[in-house]
Chemist: 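I am attaching a structure below and will ask some questions about it afterwards.
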2 protein chains.
Amino acid sequence: MAEEIKVALLGAGTVGGGVIKVLEKNAADISKKAGKPIRLVKIFGLKENLPQYKENYGDNYIYTDRIEDILEDKDIKIVVELIGREHPAKEYIARALANGKSVVTANKDVIAKYGKELFAVAEANNCDLMFEASVAGGIPIITPLKTSLAANEILSIMGIVNGTTNYMLTKMTREGLDYNDVLKEAQVKGYAESDPTADVGGMDAARKIVILASIAFNTRFSLEDVAVEGIQNISAQDIKFAKELGYTIKLLAVAKKDKNYGISIAVRPTMLPNDHPLSNVNDVYNAIFVVGDAVGDTMFMGMGAGRFPTASAVCADIMDAARNLQHGDGGRIACTCFNKKKLCDKQNMFAPCYIRMNVTDEPGALSSIAAAFASQKVSLRNVVQKDLPNGNAEIVVITHSVSELNLEMALNLLKVLPVVEKICSVIRVEDKDMD
Amino acid sequence: MAEEIKVALLGAGTVGGGVIKVLEKNAADISKKAGKPIRLVKIFGLKENLPQYKENYGDNYIYTDRIEDILEDKDIKIVVELIGREHPAKEYIARALANGKSVVTANKDVIAKYGKELFAVAEANNCDLMFEASVAGGIPIITPLKTSLAANEILSIMGIVNGTTNYMLTKMTREGLDYNDVLKEAQVKGYAESDPTADVGGMDAARKIVILASIAFNTRFSLEDVAVEGIQNISAQDIKFAKELGYTIKLLAVAKKDKNYGISIAVRPTMLPNDHPLSNVNDVYNAIFVVGDAVGDTMFMGMGAGRFPTASAVCADIMDAARNLQHGDGGRIACTCFNKKKLCDKQNMFAPCYIRMNVTDEPGALSSIAAAFASQKVSLRNVVQKDLPNGNAEIVVITHSVSELNLEMALNLLKVLPVVEKICSVIRVEDKDMD
């Protein structure tokens, strides 16, 4: 075994630069804790980026735009993939593993989509494929699920795993602002991208919950298994009602296990009771709330993105891979998706639900709406009716726990009722007391 | 390597029983995740306890009151110590390690006091000594500090690590009750022991912060390094003032690093701003808030005690030790106390401070108090004076950030001022905005 463990970096942008800085700043302690010096030797990037990399990170490293310089360098034991997106990141990871190198990545797209294939390559080559940074930035969650909570049967995972939407919802809640105003501000501040679809539409969170659910339930899930809904329809009005009722609206990524009917996975705006620990996770913070049969309720909170938080997770994985290399046990904790997939169907997924609608303000409106719910066995817990300035009325309903199937059928009936002008919002409620 | 990994349990009371149940219930998945079946074979206990153990846990196990039956059984690879207290637990752990067995323990007293000696034995024998369950029950914190956050320079750790006192303070805060009433109720409910000294006096939390600080700062600390103060003097009055000022009072175990002056460790009632994540950790929940130079703010929350949460942590350690045994790398992550101890002195420890005192209501009282503070360079941020029914007045002061030394000298001056009847409370304030 060499006197130091040589590492190469693919991509030295925001996160990659953070990794370089952390490895440099904390080099002495990192070496002691990992057992041997960890030395970053090569940095790969596109030709046009290399001059900037050199300027930023100095002469201690070899810069290259030839991937073979890294993949075929037998001295390099750990490859850190931080170029992002699916291709060629996936191919580089596969080739590095095939060449017997351990790989650390922050790439949720690749892990969510190509995990199965890549873990097989890792296992065949006794290598590690580590990805703590792919979900919730610096928050330790992948490793705790695979180690500290591993004796538990996990019952559910609920996460605030998208900082952009949490920032926006926090701002809407605190200041009573509407979606579009807050989105504009978040874009100006750099918290939302110019095309914010992946964040506000829930797909970013969906990729993350696919990864978390796969580990938690020892089953390989894919994006098609997730019911995805974004926050685009959440209005200041909904947030106001939620407040009045003692709830906070968060974009939650949720994966739950029903002992008899299987797993359900969804990303959705959700009303949480104000005393739920996730309700108090604000701004760009992320948090993951895990319930295990032994441990009970646990929560992991921190920065879900950003240069240094993400670098913290990447460097921890590098250290862990380095320990495994020294002990000759690459792939020490391999893929644990040993269960067959069993997804819960709509008639066995239950939750209370908040529904806000505009109705014509005429006698019998409420009674015909109530009848529509009743016909689908949806029982109501709260009903609030308010007159609107335009002569219509607004009706807000919170149901008791209802199956997705019955909810869907009730909504279909409501949509065609003459008195219903518009169903404005349908938001699931996460409230144990109402189950 | 044998086909299964044999485990023995020392002590099968509350937590031990939980471990047995978790290993039984989740046996299939635990084996798959750990790589091999983990089989509990022997249970050690006092002679008088064995009949009850047998009745509780059945015929699958060998029960013994002879420790040699376990320590000299070469097939047993992992010994789980759950008998508690210092002796003979410490001796059993040492002997098991000396015989080449890995040890898992929940014993904070032994780890806090004899850690150095025991880790040396573990290292000499290439064995693991794991102790996740010794701090904060089921909450993953030892392993995350040693792995997921290992690339960080840790700047501070603040924990609510005692469930009894958190339950009591939560109840005092919610219901405006006084200390003694809440203590009685907690004792009736079984949340506080009949002799509650270790909990309410802060020593239980002190043992835990010694362990956490040693890992976080890679330095072996001991109980003598901790300034300990309990919650016995916290009154309904203090909690009321805290509320008015936007704070929540928690018993915090705190370890902080000052780059120039070293580490300070304390257990103290502390006022936290209401929007601090620890302020919302209530009832018997525990949480540890860790700040790292890369990761920023993180928090780990969950049940800090109880049969199954603690068993969750113990079983995770058993699985991790089992993985190491399979790969022949016992002691994979050993003791990391490689730094020399450097404790911060009183003149370089800073925090704002809340002080409540009763004074005689006469002209010049406030001015002589203000002069006493000023003479020690303690500047005041808030001052509230209220008349009391008995003709005295109550003065509440919150200082700007002040050194422990100056605070101590100011308090000494105040105590001998003729106008000061009594200094009722001195509570540190944890508030970044006031530093």
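The analysis underlying the following values was restricted to heavy atoms, covering all of them including side chains, and did not include hydrogens, waters or symmetry mates. All chains are named by letter (A, B, ...) in the order of the sequence lines, taking the proteins before the strands, and each is independently numbered beginning at 1. Predicted model only: the values in this text are computed from it and were never measured.
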Chemist: Between A:K250 and A:E430, does at least one N-O distance fall below 4.0 Å, as a salt bridge requires?
Modeler: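 Here A:K250 does not pair with A:E430 in a salt bridge, since their nearest N and O are not under 4.0 Å apart.
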Chemist: At a heavy-atom separation under 4.5 Å, does A:A311 approach chain B through its side chain, its backbone, both, or neither?
Modeler: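 Neither; nothing under 4.5 Å.
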Chemist: Sort out for me which of B:A294, B:A34, B:A316 touches chain A most, counting heavy-atom pairs under 4.5 Å.
Modeler: B:A294
Chemist: Is the closest side-chain heavy-atom distance between B:P277 and A:Y285 below 4.5 Å?
Modeler: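 Side chain of B:P277 against side chain of A:Y285, heavy atoms only: no contact under 4.5 Å found.
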Chemist: Select one option (side chain, backbone, both, neither) describing which atoms of B:N324 are under 4.5 Å from chain A's heavy atoms.
Modeler: both
Chemist: Kindly check if the number of other-residue, nucleotide or ligand heavy atoms within 6.0 Å of NZ (A:K243) is above 12?
Modeler: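 Buried by this count: over 12 neighbours within 6.0 Å.
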Chemist: Less than 4.5 Å to any heavy atom of chain A: does that hold for the side chain of B:M303, its backbone, both, or neither?
Modeler: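 Both backbone and side chain of B:M303 come within 4.5 Å of chain A.
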Chemist: If you count heavy-atom pairs within less than 4.5 Å of chain A, which of B:I141, B:N280, B:I318 leads?
Modeler: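 Result: the option with the highest number of such pairs is B:N280.
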Chemist: Do A:L278 and A:M299 touch side chain to side chain, with heavy atoms closer than 4.5 Å?
Modeler: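 They are in side-chain contact.
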Chemist: In terms of heavy-atom proximity below 4.5 Å to chain A, should B:N152 be classed as side chain, backbone, both, or neither?
Modeler: both
Chemist: For B:I38, is it the side chain, the backbone, both or neither that has a heavy atom under 4.5 Å from a heavy atom of chain A?
Modeler: neither
Chemist: With a 4.5 angstrom heavy-atom cut-off, could you sort out which part of B:N218 is near chain A: side chain, backbone, both or neither?
Modeler: side chain
Chemist: Are B:R332 and A:D320 ion-paired here, with the side-chain N under 4.0 Å from a carboxylate O?
Modeler: yes
Chemist: Non-hydrogen atoms of chain A under 4.5 Å away: do they reach the side chain of B:K21, the backbone, both or neither?
Modeler: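 B:K21 has no heavy atom closer than 4.5 Å to chain A.
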Chemist: Which answer fits A:F338, side chain, backbone, both or neither, if we ask what part of it has an atom under 4.5 Å from a heavy atom of chain B?
Modeler: side chain
Chemist: Closest approach of A:L212 and A:I157, non-hydrogen atoms and distance?
Modeler: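 What the structure gives for the nearest pair is O-CD1, 4.0 Å.
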Chemist: Measure A:I333 against the heavy atoms of chain B and call it side chain, backbone, both or neither at under 4.5 Å.
Modeler: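 A:I333 touches chain B through side-chain heavy atoms alone.
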